[in-house]
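For reference, the structure discussed in these notes is given below.
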There are 2 protein chains.
Amino acid sequence: MSYMNRVEDPKRNAILVSAFTQFSGYGFRRTSMEDIATAAGVSRASLYSYFGNKEEIFRCLSASIHEQALADAEAALRATSGKPDIARRVEGALVARFARLQEVVTQSPHGREIYDEDNRLCGDLVLESSARFRALLASAMRAADRAREINLKGAGLSAPAAAEVIQLGASGLKQGAPDVATLKTRLRRFVRVFFAGLR
Amino acid sequence: MSYMNRVEDPKRNAILVSAFTQFSGYGFRRTSMEDIATAAGVSRASLYSYFGNKEEIFRCLSASIHEQALADAEAALRATSGKPDIARRVEGALVARFARLQEVVTQSPHGREIYDEDNRLCGDLVLESSARFRALLASAMRAADRAREINLKGAGLSAPAAAEVIQLGASGLKQGAPDVATLKTRLRRFVRVFFAGLR
DNA sequence: TATTGACAATATATGCGTATATGGTCAATT
DNA sequence: AATTGACCATATACGCATATATTGTCAATA
């Protein structure tokens with residue numbers, strides 16, 4: 001049954017896209033299955049061929065967004081074109097992880113709740129995504145340390161500790177950012193100085 | 001009239017102390033003037049000799065806490081005993097500004113709302129305090145730059161830009177901190193590396 | 001003169017019935 | 001096999017009335 005279809009199912013994806021616009025515009029509560037179905041151009045009943053219920057749509061949407069952000073972040077950390085140094089790669093990962101989401105949050109009324117770690121429906125997904133991102137960062141820091149790109153020992157930091165400070169510090173830079181450009185500027189400044197301190 | 005008494009008025013202060021315990025324990029809405037009066041050992045009516053109304057108590061409480069934190073932060077930035085370098089002084093300021101408040105937030109159910117910048121009652125005070133703290137940081141950074149303790153130009157940063165990144169980055173370190181000790185550790189790591197990058 | 005009990009106006013909580021909206025299911029249809 | 005209209009149970013929105021709680025004021029008091 002479609003329920004088990006692979007992620008690339010175009011119809012299932014169309015539903016998620018419609019759900020995203022509705023949820024981010026009106027929030028979970030104020031969005032009805034009818035709204036999602038209409039936006040996706042299908043009947044309400046057929047939504048249940050692809051998802052178990054409304055909450056599952058929300059969770060799958062949240063999971064899908066986080067997966068995309070994580071994949072982009074991982075790609076940034078692995079990037080080789082232009083031979084970016086560790087600071088550039090981490091900056092790219094932070095942009096992938098934070099700047100993208102920030103855009104949704106600042107430009108849609110209820111975009112925030114999709115990424116809210118206190119949200120009953122997807123809080124666990126947000127936390128898991130956050131933990132995985134930190135692990136990616138830690139791994140990249142460890143590799144850079146081995147490659148002598150940075151000197152963790154000299155700074156008295158373990159790779160996980162450095163990753164934690166980078167992730168949380170970068171997260172704080174979102175506060176009060178009027179637009180994505182501002183956030184990117186802050187991220188660049190933060191990363192530049194921080195990695196200069198890890199030489 | 002007492003209404004205009006100076007801040008040191010012990011009775012007025014006792015009311016603020018009681019209000020703090022009640023507000024941080026039950027929140028503004030669920031705290032009644034009766035609760036505050038009882039906790040302060042006075043009649044409800046006499047509260048109105050010291051404050052115009054319930055909202056004013058809340059605002060004065062918020063303002064008082066922020067003033068204290070700012071005063072402590074400023075003292076840390078001016079500290080001379082032990083000849084602390086700029087990194088140590090900033091670390092002290094961040095602890096004064098964030099770690100103190102964090103303790104209240106983590107240990108009381110509704111402590112957060114007193115520092116919530118989205119709070120209708122005190123949001124303006126929180127933002128103002130935040131701006132003043134950033135100004136203090138910027139001033140200290142500027143002074144350290146002139147004294148050649150740090151090299152802002154080399155990092156491509158203005159003093160306000162550096163202060164912004166420090167304040168917001170440090171603020172992010174609060175996330176998910178189970179206790180104040182954890183936050184302090186993160187702050188120390190952050191400040192150490194960041195200022196090493198400003199050499 | 002600082003403090004307070006008592007008072008009036010307002011705000012909040014609760015219950016109830018009804019109308020509407022929504023979620024989830026399933027047999028019928030294409 | 002995918003899709004859907006129709007169905008039912010539940011949830012939410014609304015109006016309204018009543019009871020209780022709370023706020024802010026003021027004249028009386030100690």
Side-chain angles (χ1 to χ4, degrees), chain A residues 1-62 109-110 113-114 119-122, chain B residues 1-62 109-110 113-114 119-122:
Chain A
M1 52 201 63
S2 322
Y3 202 123
M4 315 272 297
N5 269 357
R6 68 189 199 285
V7 188
E8 291 81 6
D9 183 329
K11 214 162 274 185
R12 185 188 151 101
N13 208 267
I15 292 174
L16 284 179
V17 170
S18 302
F20 175 72
T21 65
Q22 299 299 313
F23 284 144
S24 63
Y26 306 100
F28 180 82
R29 261 177 51 88
R30 298 295 181 175
T31 294
S32 69
M33 292 294 268
E34 182 66 42
D35 294 334
I36 298 173
T38 301
V42 298
S43 77
R44 189 172 61 83
S46 71
L47 295 182
Y48 293 90
S49 301
Y50 296 90
F51 300 93
N53 53 38
K54 188 179 170 185
E55 296 196 359
E56 194 182 302
I57 295 183
F58 189 82
R59 278 180 63 83
C60 284
L61 176 61
S62 177
H110 297 114
E113 75 179 333
I114 302 177
N119 189 312
R120 175 182 62 88
L121 300 173
C122 65
Chain B
M1 53 203 59
S2 323
Y3 202 124
M4 315 272 297
N5 269 355
R6 67 189 198 286
V7 188
E8 292 83 5
D9 183 329
K11 213 161 277 185
R12 183 187 153 102
N13 208 269
I15 293 173
L16 284 178
V17 169
S18 302
F20 175 71
T21 65
Q22 298 300 311
F23 283 144
S24 63
Y26 305 101
F28 180 81
R29 261 177 49 91
R30 298 294 182 177
T31 294
S32 70
M33 291 294 267
E34 183 66 43
D35 295 335
I36 299 173
T38 301
V42 298
S43 78
R44 190 174 60 83
S46 70
L47 295 181
Y48 292 92
S49 301
Y50 296 90
F51 300 94
N53 53 39
K54 188 179 168 184
E55 296 196 358
E56 194 181 302
I57 295 182
F58 189 82
R59 279 181 63 83
C60 284
L61 176 62
S62 177
H110 296 105
E113 76 179 333
I114 301 177
N119 189 311
R120 176 183 62 88
L121 299 173
C122 65

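Note that the coordinates shown come from a computational prediction; the quantities given were computed from them, not determined experimentally. Throughout, protein chains are lettered first and strands after them, A, B, ... in sequence-line order, and every chain is numbered starting at 1.
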Listing, residues 19-27 of chain B side-chain donor-acceptor contacts under 3.5 Å, not counting sequence neighbours, or none:
| unit_1 | atom_1 | unit_2 | atom_2 | d |
| --- | --- | --- | --- | --- |
| Thr21(B) | OG1 | Ser18(B) | O | 2.8 |
| Ser24(B) | OG | Phe20(B) | O | 2.7 |
| Ser24(B) | OG | Thr21(B) | O | 3.4 |

- Looking at CD1 of Ile15(B) and CG of Asp9(B), how far apart are the two atoms once the value is rounded to the nearest 0.5 Å? 8.0 Å

- Query: If we only count heavy atoms from C-beta on, is the Met33(B) to Ile57(B) side-chain gap below 4.5 Å?
  - Reply: yes

- Tell me, do Thr31(A) and Phe58(A) make a side-chain contact under 4.5 Å, heavy atoms counted? no

- Query: Under 4.0 Å between a side-chain N/O of Lys11(B) and OP1 or OP2 of dT3(C), yes or no?
  - Reply: yes

- Sorted by number, the residues of residues 22-30 of chain B with heavy-atom contact under 4.0 Å to DNA chain C: Arg29(B), Arg30(B)

- Message: Output the rounded distance in Å from CG (Leu47(B)) to C1' (dG5(C)).
- Response: 14 Å

- Using a cut-off of less than 4.0 Å, is there contact between a side-chain N or O of Tyr50(A) and OP1 or OP2 of dA2(D)? no

- Mind checking what makes side chain to side chain donor-acceptor pair (under 3.5 Å) contact with Arg59(A), not counting sequence neighbours? Asp124(A)

- Query: Hey, are the side chains of Arg12(B) and Cys60(B) touching, using non-hydrogen atoms and a 4.5 Å cut-off?
  - Reply: yes

Check: protein-nucleotides 24-30 of chain C nitrogen or oxygen pairs below 3.5 Å:
| unit_1 | atom_1 | unit_2 | atom_2 | d |
| --- | --- | --- | --- | --- |
| dG24(C) | OP2 | Tyr48(A) | OH | 3.4 |
| dG24(C) | OP2 | Lys54(A) | N | 3.1 |
| dG24(C) | N7 | Arg44(A) | NH1 | 2.7 |
| dG24(C) | O6 | Arg44(A) | NH1 | 3.4 |
| dG24(C) | O6 | Arg44(A) | NH2 | 2.3 |

- Message: I need the full list of side-chain hydrogen bond (donor to acceptor under 3.5 Å, both in side chains) pairs touching residues 32-41 of chain A, with sequence neighbours left out, sorted by first then second residue.
- Response: Ser32(A)-Asp35(A), Glu34(A)-Thr38(A)

- Message: Tell me every residue that passes salt bridge (Lys or Arg N to Asp or Glu O under 4.0 Å) with Arg29(A), counting only those two or more places apart in sequence or in another chain.
- Response: none

- Query: Which heavy atom in Ala40(A) sits nearest to a heavy atom in Ala14(A), and how many Å separate them?
  - Reply: CB-O, 4.3 Å

- Item | OP1 or OP2 of dT4(C) under 4.0 Å from side-chain N/O of Ser46(B) | yes

- Message: By the 4.0 Å heavy-atom rule, please label Ser32(A) as base, sugar-phosphate, or nothing.
- Response: sugar-phosphate

- Query: Which angle, to the nearest 10 degrees, lies between the helix axes at the two ends of the helix from dT1(C)-dA30(D) to dT30(C)-dA1(D), each defined by five pairs?
  - Reply: 50°

- What pair of heavy atoms forms the shortest contact from Leu61(A) to Leu16(A), and how long is it? CD1-O, 3.6 Å

- Query: In whole angstroms, how far is the C1' atom of dG5(D) from the CD atom of Glu34(A)?
  - Reply: 12 Å

- Message: Tell me which pairs pass salt bridge (Lys or Arg N to Asp or Glu O under 4.0 Å) where either residue lies in residues 46-55 of chain A, with sequence neighbours left out.
- Response: Glu55(A)-Arg120(A)

